[in-house]
S.K.: 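Just passing along the structure, written as structure tokens.
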Protein chains: 2
Amino acid sequence: MKYADFLNMVDDSTRAVCRRVYAENKDTIKIKKEETAIKNLEKILGAVFDITYEKGFQAMSMRDLSRRSGLSMGAMYPYFRSKEELLGIILRQGRAMLKNVFEKFKTGSERPEDRLEKVIKAHIFLSERAKPWFYFMFMEAKNLSAGERKAILESEAYTEAVIVEILEAGERAGVFRKRRHVLTASIIKAMQQEWYLKRWKYARRKVTVDEYADYVINFVNSFCLVQNSDMEAN
Amino acid sequence: MKYADFLNMVDDSTRAVCRRVYAENKDTIKIKKEETAIKNLEKILGAVFDITYEKGFQAMSMRDLSRRSGLSMGAMYPYFRSKEELLGIILRQGRAMLKNVFEKFKTGSERPEDRLEKVIKAHIFLSERAKPWFYFMFMEAKNLSAGERKAILESEAYTEAVIVEILEAGERAGVFRKRRHVLTASIIKAMQQEWYLKRWKYARRKVTVDEYADYVINFVNSFCLVQNSDMEAN
DNA sequence: AGAAAAAAAGCGAACGTTCGTTATTTTTTA
DNA sequence: TAAAAAATAACGAACGTTCGCTTTTTTTCT
């Protein structure tokens, strides 16, 4: 699977995402005209990501956001009741995006090693596609209340659990080595996160997301796949 | 190398670190009595790490810090001129700690694979020993001015460059495979960071730092070491 | 089709609160 | 007793949010 293939499989344009934000926050968003609301949500979210990438959510003031989005202070508040609620909306939407894509890619009846590759790559590609969302979710989760933070942790645990399940199935099928799969899954998660947490590094090195994803798969397979020498020893 | 061995090699008790902070910030710290200053620095830094772990540096108020450290508002300011300077002191000291340990462990004339293991483990063990520092450095670097942020990026680039150098030397010696060593170094960095960024996960699973470090080495060696099957093909 | 009225969207000043910091006073230490 | 350390109150600035007013858009009426 290449990034271009992935892009053909998911509907995740910024507009589509904002449409979903609008649909799912009807009780919060006080704007009647859907197209106006969506256009302004794009401005707001874009500005949030720009500012927070540079200085973080807490350091971002509503005046910063107003200036950057081009909406006045009063024009923003029909979209969310408070700065804190804005945070919640973004994080919930980000999580839903990740979950939807993951659900789409985690199933399939092909071989374990292909499933593993597909799941790892889907995450990397989605994080490429929605970089600001992923970066924001990682760096700003600490601003949540304890209850909502728990949901974030569960989200990470869930994606790791799927990888563990694939590794276990592959071990039973004789494809993957016996390892501490829970640790392997965590390390894979770290490899995936490296891509979107260190965007500047890969941009500077002119490494494409396909190159990175293939490299990660190669790395993981070296460790996980049963080698010929293993089989010969048996 | 085990974590216990590592601990015997570095002087990094909290007191020793605070003594270095005091020594290196003589023009900022207005307290004459060294032992008093060091004791209070321990309180301040401990409180900073507690609070920022939970809510981040920007969300931490000086009143939070005062309450948590047990020092009054006025009693804190002889230690730093402003909140921003406090940030700078911590990040600089953290960087110096990392650099000192790294310098101690990166040299040696043993085989490339042993050097690689030593360097990777030293970083993981130091991050275990000084978890709050590492977590803080990662999460709060964005609060720095552009110039200081550059120093952080250079610090990460430097440690990766050492790993690249080891991998290249190992390749020349026929020990390591030909790979994109720059990407390998970055992925190793991600594995190291996983340990201290996700402290809750490993604590919950009762994974020791020695177990984690060995697992990472095994993972990396699977990918990097020339295998028997490679040599037989040649 | 155009005007007027109503609804929706947007603006910006002001509110009450909290912030980082300082100056002065008080307390502790030697 | 003097110096050092600590405490406290207050300052000016900035914050998140609200509210009344203004502008724009849509609907209704002729």
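Just so we're on the same page: letters track the sequence lines, and every chain starts at 1.
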S.K.: Just so I know, are the side chains of Met1(A) and Glu117(A) near enough to count as touching, which here means a heavy-atom distance under 4.5 Å?
M.R.: no
S.K.: Return the 5'-most residue of the pair Gly70(A), Arg63(A) with respect to DNA chain C, ranking by each residue's nearest nucleotide.
M.R.: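 Closest to the 5' end, via its nearest nucleotide, is Gly70(A).
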S.K.: On DNA chain D, compare the nucleotides closest to Glu84(A) and Thr36(B); which residue's is nearer the 5' end?
M.R.: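 Its nucleotide being nearer the 5' end, the pick is Thr36(B).
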S.K.: If you check every side-chain atom of Asn40(A), which of dA8(C), dA6(D), dG10(C) has the closest atom?
M.R.: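 Comparing dA8(C), dA6(D), dG10(C) against the side chain of Asn40(A), the answer is dG10(C).
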S.K.: Do the side chains of Lys150(A) and Glu154(A) get close enough for a salt bridge, i.e. N-O under 4.0 angstrom?
M.R.: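 Looking at Glu154(A) together with Lys150(A), the answer is yes, because their closest N to O distance falls below 4.0 Å.
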S.K.: As a test of reading the structure: which of dA6(D), dA30(C), dG10(C) is closest to the side chain of Lys33(B), going by heavy atoms?
M.R.: dA30(C)
S.K.: Report the distance from atom CZ of Phe80(A) to atom C1' of dT18(D), rounded to the nearest whole Å.
M.R.: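 Computing the Phe80(A):CZ to dT18(D):C1' distance gives 14 Å.
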S.K.: Whole angstrom is fine here: how far is it from CG in Leu86(B) over to P in dT21(C)?
M.R.: 10 Å
S.K.: Between Tyr202(A) and Glu211(A), do the side chains contain an N or O donor and an N or O acceptor separated by less than 3.5 Å?
M.R.: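 Tyr202(A) vs Glu211(A): no donor-acceptor pair found between side chains.
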S.K.: If you assign each of Met73(A) and Tyr79(A) to its closest nucleotide in DNA chain C, which residue comes earlier from the 5' end?
M.R.: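 Looking at the nearest nucleotide for each, Tyr79(A) comes out on the 5' side.
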S.K.: Write down the distance between CZ (Arg67(B)) and P (dG20(C)), rounded to a whole number of angstrom.
M.R.: 11 Å
S.K.: Let me know the distance between NZ of Lys83(A) and P of dT18(D), rounded to the nearest Å.
M.R.: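 Spelled out: NZ on Lys83(A) to P on dT18(D) is 15 Å.
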S.K.: If you only use heavy atoms from C-beta on, which nucleotide in dA6(D), dG16(D), dG10(C) is closest to the side chain of Ser61(A)?
M.R.: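 Ranking dA6(D), dG16(D), dG10(C) by closest atom to the Ser61(A) side chain puts dG16(D) first.
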S.K.: Between dG10(C) atom C1' and Lys43(A) atom NZ, what is the distance in whole Å?
M.R.: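 Result: 11 Å.
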S.K.: In whole angstrom, give the distance that lies between atom CE of Met60(B) and atom C1' of dT18(C).
M.R.: 15 Å
S.K.: Looking at dA9(C), dG20(C), dG16(D), which one has an atom nearest to any side-chain atom of Ile31(A)?
M.R.: dA9(C)
S.K.: Take atom CD of Gln58(A) and atom C1' of dT18(C), then tell me their distance rounded to the nearest Å.
M.R.: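 Answer to the nearest Å: 13 Å.
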S.K.: Rounded to the nearest Å, what distance is computed from the CG atom of residue Leu65(A) to the C1' atom of nucleotide dA14(D)?
M.R.: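 Whole-Å distance recorded here is 16 Å.
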S.K.: Determine whether the aromatic ring centres of residues Tyr135(B) and Phe49(B) are separated by less than 6.0 angstrom.
M.R.: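 When the ring centroids of Phe49(B) and Tyr135(B) are compared, they turn out to be at least 6.0 Å apart.
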S.K.: Less than 4.0 angstrom from a charged side-chain N to a carboxylate O is my criterion; do Arg92(A) and Glu24(A) meet it?
M.R.: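 Answer for the salt bridge query: no.
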S.K.: Is any side-chain nitrogen or oxygen of Ser72(B) closer than 4.0 Å to OP1 or OP2 of dA7(D)?
M.R.: yes
